[in-house]
Number of protein chains: 2
Amino acid sequence: MKIGEFSKKSGCSIQTIRYYEREGLLLNPNRSEGNFRLYDSKALKQLEFVKHCRSLDISLNDIKRLIELKNKPEESCSSVNALIDQQLALVNKRMKELRALKAELQQMASACGSNNTIEACGIIKSLDS
Amino acid sequence: MKIGEFSKKSGCSIQTIRYYEREGLLLNPNRSEGNFRLYDSKALKQLEFVKHCRSLDISLNDIKRLIELKNKPEESCSSVNALIDQQLALVNKRMKELRALKAELQQMASACGSNNTIEACGIIKSLDS
DNA sequence: CTTGACTCTATAGTTACTATAGGATTTATA
DNA sequence: TATAAATCCTATAGTAACTATAGAGTCAAG
């Protein structure tokens, strides 16, 4: 299939597919006579792997490492494990930050008093302190 | 004070300060004879306002809007309110995403089985599906 | 044989910074 | 006073993970 169909089947935009290829996340596909990219179901699986990783917020660089690891099936999976743990730590850190952030935003929202002038608005006051 | 001291007092890097100036988040400071930027305590307050907003993950564009609103003290603060609500919605959305993400990562981590080969690793398997 | 849909590469834009190069200026030391 | 070190200046490029555009080539249908 050509890139248009590949894009629809995978749910990735054409530009993103070409971008992933440039970044080495997808193998260079065969080309037609007219230099069009040609994909098969194996390529689709590759891309779906990448998409799944991205949906977990794993960076392109780490996905590249995972792909390399996948190609060494007999090695120990400890680095895979470490990568996931690290990703989990990142998520936990971000969640903690967001909780604090949410609390402050909520407090600000309630401090507004509503229907104030900007001068009297509790939000602006709290941002100014 | 010159930009070096201003940077230390505010906790913003020199480059970031110049960047904020270019983006219109800080007023253009007076200059010395030798063209060095000169700041006063008012400028410091401005920068602290920006920093506070940034710590709440408010975008530079929205901060610009807030600054404009601050300069119209007699207007209604409803847009300020809306902006904060919107920010809160963003945070909530992201938290929800992260919760789902965390759950999947945790499941993956436990699926590894540890000390496996990559071939047998539950993580890679789950990423492949 | 031409129109329209699709594809190609290369390049620039996005956000919020950070880092660098190559100068100019000021301050401290010899 | 000369010079070295510290600080400052502008302009430009790099970061992550895409998205968007320009300008050209390819292909199937009418």
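Bear in mind the structure is a predicted one, so any value in this text is a computation, not a measurement. We name chains A, B, ... by the order of the sequence lines, and we start the count at 1 in each one. Atoms considered below: every heavy atom in the structure, side chains included; atoms not considered: hydrogens, waters and symmetry mates.
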- request: Could you check R94(B) against D57(B) for salt bridge (charged side-chain N to carboxylate O under 4.0 Å, His left out), going step by step and ending with a plain yes or no?
  value: CA-CA 12 Å; R94(B) 187 63 186 145; D57(B) 254 13; over 6 Å; no

- prompt: Taking the nucleotide of DNA chain C with the closest heavy atom to each, which residue, D57(B) or G34(B), is nearer the 5' end?
  reply: D57(B)

Spacing of M1(B) atom CE relative to dC8(D) atom C1', expressed in whole Å: 16 Å

- line: Winner on side-chain proximity to R37(A), out of dC17(C), dT9(C), dT26(D), is dT9(C)

query: Over how many whole Å does the gap from D62(A) atom CG to dA16(D) atom P extend?
result: 11 Å

task: Spell out, as yes or no, whether a donor-acceptor pair under 3.5 Å connects the side chain of S7(A) to the backbone of C12(A).
output: yes

field: Those residues of residues 6-22 of chain A lying under 4.0 Å from DNA chain D by at least one heavy atom
entry: S13(A), Q15(A), T16(A), Y19(A), Y20(A)

message: In this structure, how many angstroms lie between the P atom of dC6(C) and the OH atom of Y39(A), rounded?
response: 16 Å

field: Test log, rule side-chain contact (heavy atoms from CB on, under 4.5 Å), inputs K2(A) and L38(A)
entry: CA-CA 5 Å; K2(A) 284 182 292 183; L38(A) 297 176; 4.0 Å; yes

- prompt: Looking for any heavy atom pair under 4.0 Å, which part of the strands does S59(B) touch: base, sugar-phosphate only, or nothing?
  reply: sugar-phosphate

query: If you draw a 6.0 Å radius around CD in Q106(A), do more than 12 non-hydrogen atoms from other residues or ligands fall strictly inside?
result: yes

message: Rounding to an integer number of Å, can you tell me how far K51(A) NZ sits from dC18(D) C1'?
response: 14 Å

message: Within the supplied structure, the quantity of interest is the number of heavy atoms (other residues, nucleotides, ligands) at a distance under 6.0 Å from E119(A) CD; does it exceed 12?
response: no

- request: Let me know the distance between CZ of R54(B) and P of dT15(C), rounded to the nearest Å.
  value: 12 Å

field: Distance in angstrom units between L47(A) CG and dC18(D) P, rounded
entry: 11 Å

- request: Whole angstrom is fine here: how far is it from CG in L38(A) over to P in dC6(C)?
  value: 16 Å

message: Whether the side chain of Q87(A) engages the backbone of L56(A) through a donor-acceptor N/O pair (distance < 3.5 Å, no angle test) should be reported.
response: yes

K9(A) side chain to S41(A) backbone, donor-acceptor under 3.5 Å: no

statement: Rounded to whole Å, NZ of K2(A) lies from P of dC6(C) at a distance of 9 Å

